[in-house]
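Comments concern the structure below.
The chains referred to below are lettered A, B, ... by the order of the sequence lines, with proteins before strands, and numbering in each begins at 1.
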Amino acid sequence: MPDPIVDRNRHMNEVTDALAPIQDGFRAENCFLFGPSGVGKTTVAKAAVRELRREVLDVPYAYVNCWKYYTRNAVLDQISHELVGAAMPRSASTSRLIDRIKADLHGPGVVILDEVDQLRETKVLYDLHDIPGLSWIGIANREVDLLADLDDRITSRISVAYRVRFDTYGEDAITEILSRRAREGLGPNAVDEDVLRRIARLSEGDARQAIAGLRVAARMASREGLAAIPGRLVEDAVADAEREVRQKTISKLNTHQRALYEVLAEEDGLIQKELYARYQEAHDDPVTLRYLRENHLPKLEHYNLIDIEQDRGSKRYHLVGPEGSQTNPSPC
DNA sequence: CGTCCACGGGAATTGATGGACT
DNA sequence: AGTCCATCAATTCCCGTGGACG
């Protein structure tokens, strides 16, 4: 993790400003970071908190990924664990968790809510607001998603003083990011500036993807016994990196999601009803359509494994990704 | 219109688990 | 130790809404 974050000074300053009141012992301003993936939102949020903790020792903080912990209870549970570390019996009631956090928190504290737009129960934002001293940094892809979901009662009580927009990284910035990584991880001359630039260009502003590409390229080169990364590996490396990420995602799917995925692998472009019918045959313990719609389908979409095309009254589901993807028959 | 499709709110059910009560 | 109660997450059931289409 590089210390000065490439090209994010302005963003860093805004978040730092939002947190500034903590240095005087007050509650910080809530702030909200949004922008596409791989542009450094999470990195900036964490760095800002780290910097704050350097100034004001022991400011309690917690990091919660709302994609993973999406219920009110799960979020609060996670916070109570991280904020003070004290273990609480699992499955404590929400109100007890809140009391617990209130009791443990003396003075200001910060919570980073990553992927806030994935929260199912936005009420939790209100809960947090109700805890003296606590403030949050919300992270999401698009601003509208969060605001649309909050109901009025909540919106009117919670103020978000800072909204920080992250734009896509340009090629230069990505190249610079890669260059630092390469220098620190691979030595001073392992990679040509030119090669880095090509990796950057292929990863469309997504730093995470670019870094993965660099890693794969380095691995390929060292496997060939080379000290530097030759340009000819770039295309393959980036494609491989994408495939790797994808494969990893697929391996994490549960049986329902996998069944859906496999149905689509056989027959692409089904509408919801058809997809559900096929899924029911493919899975020996199928869940309801309602539930699929609420959970598994959005999940697959979020993982960027499927693509949904609006086709008049219905929706067509497609697999996303490199054509000619080999179906990997290895059972896990 | 009537129908098909999809969406999503909300109530109800089930099962696990921890705590209180006896 | 045994019983009962509360809470939570996961899941299902029921259903009104709304767009598109013939």
- How close or far is atom C1' of C:dT11 from atom CG of A:Leu292, stated in whole angstroms? 12 Å

- Message: Counting the atoms with a prime plus P, OP1 and OP2 as sugar-phosphate, which does A:Pro286 contact under 4.0 Å by heavy atoms, base, sugar-phosphate, or nothing?
- Response: sugar-phosphate

- Query: When you check the phosphate oxygens OP1 and OP2 of C:dT11, does a side-chain N or O of A:Thr288 lie under 4.0 Å from one of them?
  - Reply: no

- Validation row, ring centre A:His296 to ring centre A:Tyr291 under 6.0 Å: yes

- Centre of A:Phe166's six-membered ring, under 6.0 Å away, within 45 degrees of the axis: is that where NZ or CZ of A:Arg10 sits? no

- Task: Sequence neighbours left out, what pairs pass salt bridge (Lys or Arg N to Asp or Glu O under 4.0 Å) with at least one residue falling in residues 201-210 of chain A?
- Result: A:Glu171-A:Arg201

- After noting the C-alpha distance and the side-chain angles of A:Asp99 and A:Arg96, does the key distance pass the salt bridge (charged side-chain N to carboxylate O under 4.0 Å, His left out) rule? CA-CA 5 Å; A:Asp99 289 345; A:Arg96 235 177 298 180; over 6 Å; no

- Query: What nucleotide among C:dT11, C:dA20, C:dA10 has an atom nearest to a side-chain atom of A:Arg312?
  - Reply: C:dA20

- Heavy atoms of A:Leu128 and A:Arg27 approach each other most closely as O-NH1, 4.4 Å

- Task: Answer with base, sugar-phosphate or nothing: what part of the nucleic acid does A:Tyr276 contact at a heavy-atom distance below 4.0 Å?
- Result: nothing

- Nearest heavy-atom pair of A:Ala259 and A:Tyr279: which atoms, and what distance? CB-CD1, 3.9 Å

- Separation of A:Asn254 atom CG from C:dA10 atom C1', in whole Å? 12 Å

- Task: Check the distance between C:dA9's P and A:Lys68's NZ and give it to me in whole angstrom.
- Result: 15 Å

- Side-chain hydrophobic cluster, 4.5 Å single linkage: members besides A:Val216: A:Met220, A:Leu233

- Message: Without decimals, in angstroms, what is the distance between A:Asn295 CG and C:dA9 C1'?
- Response: 11 Å

- Task: If a protein heavy atom is under 4.0 Å from the base, mark B; if only from the sugar-phosphate, S; if neither, -; do that for nucleotides 3-16 of chain B going 5' to 3'.
- Result: --SSBBBB------

- Task: Could you tell me whether the phosphate oxygens of C:dA9, OP1 or OP2, come under 4.0 Å of any side-chain nitrogen or oxygen in A:Asn73?
- Result: yes

- In whole angstrom, give the distance that lies between atom CZ of A:Arg100 and atom P of B:dG18. 16 Å

- Rounded to whole Å, the OH-C1' distance (A:Tyr70 to C:dT11) equals 11 Å

